[in-house]
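I have placed the structure first, in the form of structure tokens, so that the comments after it can refer back to it.
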Protein chains: 2
Amino acid sequence: MESKSYTEIFKKNGIKATKQRELVFGLLTDSDVPLTVEEIYVGLMEKEKNMSLSTIYRILDVFVEKGLVQKSNITDNKAVYEVVGMGHKHHIICISCGKIIALDHCPIKEYEKALEKETEFEITSHKLVFFGYCPECKKKNEGDHGK
Amino acid sequence: MESKSYTEIFKKNGIKATKQRELVFGLLTDSDVPLTVEEIYVGLMEKEKNMSLSTIYRILDVFVEKGLVQKSNITDNKAVYEVVGMGHKHHIICISCGKIIALDHCPIKEYEKALEKETEFEITSHKLVFFGYCPECKKKNEGDHGK
DNA sequence: ATTGCAAATGCAAATTATTCGCATTTGCAA
DNA sequence: TTGCAAATGCGAATAATTTGCATTTGCAAT
């Protein structure tokens with residue numbers, strides 16, 4: 001694993017296949033959790049690259065625009081990014097340790113239809129995030145989170 | 001309308017009843033859409049007040065902590081705030097004009113239960129946002145948003 | 001292969017939302 | 001009425017993201 005090329009994907013989407021884009025897309029593809037820009041930045045530094053932060057932002061913007069990557073503003077401050085394999089993702093985030101897990105199942109496709117009728121909006125997408133305590137933090141908290 | 005007091009609410013929640021809090025809470029209560037900090041700021045300026053932005057941020061933090069107000073980071077940049085009447089709210093936002101509408105119905109209470117079993121998280125809350133074109137913008141776009 | 005140019009990158013400075021430090025004011029309990 | 005903790009105002013500080021511009025680079029056409 002590691003060294004495959006995404007050149008065709010880029011070509012297909014009408015964008016140039018640059019080294020930086022290969023690296024960013026590769027990192028996102030290999031990750032099993034959504035990544036922040038900062039995580040991508042340090043992740044690629046370790047792989048001995050000196051890539052500009054703004055370049056990462058711009059690359060991600062392009063990926064999102066092309067529908068290759070999903071951007072989610074889950075927490076108040078930083079956005080996280082992940083590849084759109086097949087279909088969008090929802091998330092569950094631990095409010096104690098910050099861990100973010102992606103969920104594949106989407107329980108509201110049907111509701112979306114009903115909502116379109118009700119509101120007369122043309123709905124193009126949605127985001128759903130759950131907050132709570134992950135199994136590990138749940139144990140730690142045991143017996144003290146009443147109020 | 002306009003000039004009722006929320007002093008009891010504040011007392012009940014163990015926070016002082018200040019003029020600034022009355023104003024912010026009043027504005028949120030009277031609004032039928034979620035407001036940004038900036039909107040609150042200018043909204044209260046017009047009512048001839050010189051309130052500090054940081055005061056508004058702090059007041060809202062307290063309201064959120066006390067469960068009086070719901071904060072939602074819907075768009076990439078600014079957060080919006082709204083009073084928690086009875087139960088939380090979801091949103092639908094127009095990606096053309098930026099209009100945000102609050103939805104009362106929550107279609108995922110049941111799913112949340114299932115998800116708790118599946119993930120072993122203890123889920124405490126969730127956020128759901130829909131994106132699309134509002135009726136007005138839908139008309140304007142008529143016939144041109146295919147690709 | 002070589003070349004030319006638009007697209008992409010790097011860097012630093014700018015922007016924007018939000019937070020923080022600290023001196024001053026103010027609600028409210030005694 | 002008084003005292004003091006809580007709240008406010010102001011400006012400065014942060015932190016994430018964006019932008020301007022000069023330089024580099026992918027790639028299509030030669």
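Because the structure is a prediction, the values reported are computed rather than measured. Order of the sequence lines fixes the chain letters, A, B, ..., with proteins taken first and strands second; residue numbering starts at 1 for each chain.
- Distances shorter than 4.0 Å separate some side-chain N or O of B/Lys78 from OP1 or OP2 on C/dA17.
- Below 30°, between 30° and 60°, or above 60°: for B/Tyr111 and A/Phe130 the angle between ring planes is between 30° and 60°, a tilted geometry.
- Following rounding to the nearest Å, A/Phe10 (CZ) and C/dA7 (P) show an atom-to-atom distance of 18 Å.
- Just one of B/Lys127, B/Lys78, B/Lys71 meets the salt bridge (Lys or Arg N to Asp or Glu O under 4.0 Å) condition when paired with A/Asp76; it is B/Lys71.
- Side-chain contact between B/Glu22 and B/Thr7 is present, with at least one heavy-atom pair separated by less than 4.5 Å.
- Phosphate proximity of D/dT8 to B/Thr18: present, with a side-chain N or O under 4.0 Å from OP1 or OP2.
- Rounded to whole Å, the distance from CD1 on A/Ile59 to C1' on D/dG26 is 13 Å.
- As rounded to whole Å, 13 Å separates atom P of D/dT19 from atom OH of A/Tyr57.
- Atom NZ of A/Lys12 sits in a sparse spot, with 12 or fewer heavy atoms from other residues, nucleotides or ligands closer than 6.0 Å.
- Centroid-to-centroid, the aromatic rings of B/Phe25 and B/Tyr81 stay 6.0 Å apart or farther.
- For A/Gln20 and D/dG26, the shortest distance from a side-chain N or O to OP1 or OP2 is not below 4.0 Å.
- Here C/dA8 is the nucleotide among D/dG9, C/dA8, D/dA5 with the atom lying nearest to any side-chain atom of A/Ile15.
- The interatomic distance linking B/Leu60 (CG) with C/dT18 (P) rounds to 10 Å, in whole Å.
- A/Asn50 comes within 4.0 angstrom of the backbone, heavy atoms only, and of no base.
- Note: CG (B/Leu35) to C1' (C/dA17) measures 17 Å, nearest angstrom.
- Counting heavy atoms from C-beta on, the side chains of A/Leu60 and A/Ile40 come closer than 4.5 Å.
- Counting to the nearest Å, the P atom of D/dG11 and the CE atom of B/Met51 are 17 Å from each other.
- Using cut-offs of 30° and 60° for the angle between ring planes, the A/His88 and A/His126 rings count as perpendicular.
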(message) As a check on the pairing definition, encode DNA chain C in dot-bracket form, counting Watson-Crick and G-U wobble pairs whose two distances are under 3.5 Å, and using | for partners outside this strand.
(response) ||||||||||||||||||||||||||||||

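- Residue whose closest nucleotide on DNA chain C sits further toward the 5' end, between A/Lys19 and B/Val37: A/Lys19.
- Rounded to an integer number of Å, the gap from A/Lys16 NZ to C/dC5 P is 13 Å.
- For the pair B/Leu53 CG and C/dT19 P, the computed distance is 12 Å after rounding to whole Å.
- No hydrogens or angles were tested; on distance alone, a donor-acceptor pair under 3.5 Å links the side chain of A/Arg58 to the base of C/dG10.
- For B/Ser54, no side-chain nitrogen or oxygen approaches OP1 or OP2 of D/dG9 to under 4.0 Å.
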